Participant: 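Encoded as structure tokens, here's the structure I'll be asking about.
All figures in this text were calculated on a predicted structure; none of them were measured in a lab. Remember, it's 1-based here, ligands and their atoms both numbered in the order they're listed.
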Amino acid sequence: MKPHPSGRPRGIRGAAALGLAAAGALLVGLAATPSGAADAAGPVLRDLAQAQGKYYGTAVTASKLNGTYADIAGSQFNSITPGNEMKWESVEPSRGTYNWSGADAVVNFAQAHDMEVRGHTLVWHSQLPGWLTGGSWTADQLRTLMTDHITTEVGRYQGKITHWDVVNEPFNEDGTFRQSLWYTKLGPSYIADALRAARAADPDAKLYLNDYNTDGTGAKSDGMYNLVKSLKAQGVPIDGVGFQGHLILGQVPSTMKANLQRFADLGVDVAVTELDIRMTLPATDAELAQQKADYRAVTDACVAVSRCRGVTVWGFTDSDSWIPDVFDGQGAATPYDEGYRPKPAYYGIAESLGWTGDGGDPGDPDPDPTTGCTVGYTVTSQWNTGFTANVTVKNTGSSPVNGWQVAWAYPSGQRVTSGWNATVTQSGAQVTAANAPYNATIGAGGSVSFGFNGTWSGATPRPPRSPSTARPAPRAERPAVRLGGPDGTPPRRPGDRAWKSA
Ligand code: G3I
């Protein structure tokens, strides 16, 4: 990781983070970088992970697998977990009536993108269909329903799923067995029976137990540890343990690596299966910097344990996360923001996996191969009704820029009150900053900064990308740093590719 000269918390990266939206003819598009797809300069998590002998995975929502969402999932991750589509209520909503559409979509996507699949999940107390939870079954009937379900689902995807979360969340917080439908009717033997049924249906799939709040050592982790030890001793087919990793900002357990290692020492693989790190909204730069450190620490723990197969994030974008629905006022838990812009956390992961480039911190350039221009946006201070922001425009091209504008939107209602080092104007949600006479020229590799004060109420999120730019858009719709005069005069930079294509 590159040290930052100021030692300050670092903000989100560049133009992609700003979500620039420009009015009028756009001369320089910046959409390539925020797509998160591989670009020449940015890290690719799946490649970095593979070089470490790991995977980096994401949970997805099958219905969202198109456009930018699909581009990022398929290019940055080499393992995929269906967030809901393989759960019992999804695949067998009525007894004997199966709906495999969502699960098939995820598996097909994985195959098309050379990804592993984590099957999630076969035996859980939650998201069970009403016909199952409402029925009055004898123990034998319930056991047969469970093993038939496993046989059917695992059998359908035989050879296509590398890891199955066979039993999910079997423990209470104190390490005793959860009083689930399964445990209360069948006793603890349901776990061994489930594993055996899964092994019979797909001998090559790695079979996991999976739980939350077992990430560090403690009573619940001890419960899992003792169970795995006993299953191994009985010869029950158990290949791995999943640690969900639903964490709170700044609270990565210090014992995580040691905990993963002690399970590995039992002779099973381990994986972080549902990583997210939540915080109270709105997220500040300092919190995003902490989150970067947290994502890095979790990934470090996996990298340090040779039997750790990989890490899966529970949704890669804040627009596809369960956190805001369940934890009031909390969110921003994933490595990409709601506009699919990589957050500092993304760079924390990349750095843990060995990446040494710039990104995720204020002052880091945001390489953009299309335009040669990058923009960084940092809220430098914030109080109950106001804030101060700083924007840096960097010319990453090889010739000077003469005249520039930066445009963005504040749909949450922030108002710019005064600016410096640029003429900053606002009309409705739309803000435009044009160069001052004395900083119109940005030399090759150089940068200029401007700042402004603003007001806010309710929330002051970062400027989002406009809807038209959340996906690859025709050139003229792309967000922009506009090179050239504020009146639209052409940039005085001969051969500017973007200008020509506008
Ligand atoms: O599909 C319906 C939709 O038709 C309806 O309009 C909407 C209204 O609320 O609900 C939709 O279903 C939601 C479903 O996610 C799909 O989005 C459910 O209400 C919601 O409860 C369900 O939440 C899922 C949660 O498991 C259920 O416990 C989350 O998406 C999913 O991310 C979450 O994942 C779990 C793991 O499987 C196990 N570990 C914990 C993790 C987080 O809870």
Participant: Is a salt bridge present between K64 and D320, judged by a nitrogen-to-oxygen distance below 4.0 Å?
Facilitator: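 Yes.
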Participant: Hey, is NZ on K160 packed in by over 12 heavy atoms from elsewhere, all under 6.0 Å?
Facilitator: no
Participant: Atom CG of residue position D328 - does it have more than 12 heavy atoms of other residues, nucleotides or ligands inside 6.0 Å?
Facilitator: no
Participant: What's the shortest heavy-atom distance between T334 and T317, and which atoms?
Facilitator: OG1-C, 2.9 Å
Participant: Just wondering, are more than 12 heavy atoms of other shown residues or ligands nearer than 6.0 Å to CG in D265?
Facilitator: yes
Participant: What heavy-atom pair brings N66 and S63 nearest, and what distance separates the two atoms?
Facilitator: ND2-O, 3.7 Å
Participant: Tell me, which residues have any heavy atom less than 4.0 Å from some atom of ligand 1?
Facilitator: N84, K87, H120, W124, S126, Q127, N168, E169, Q244, H246, E274, W314, W322
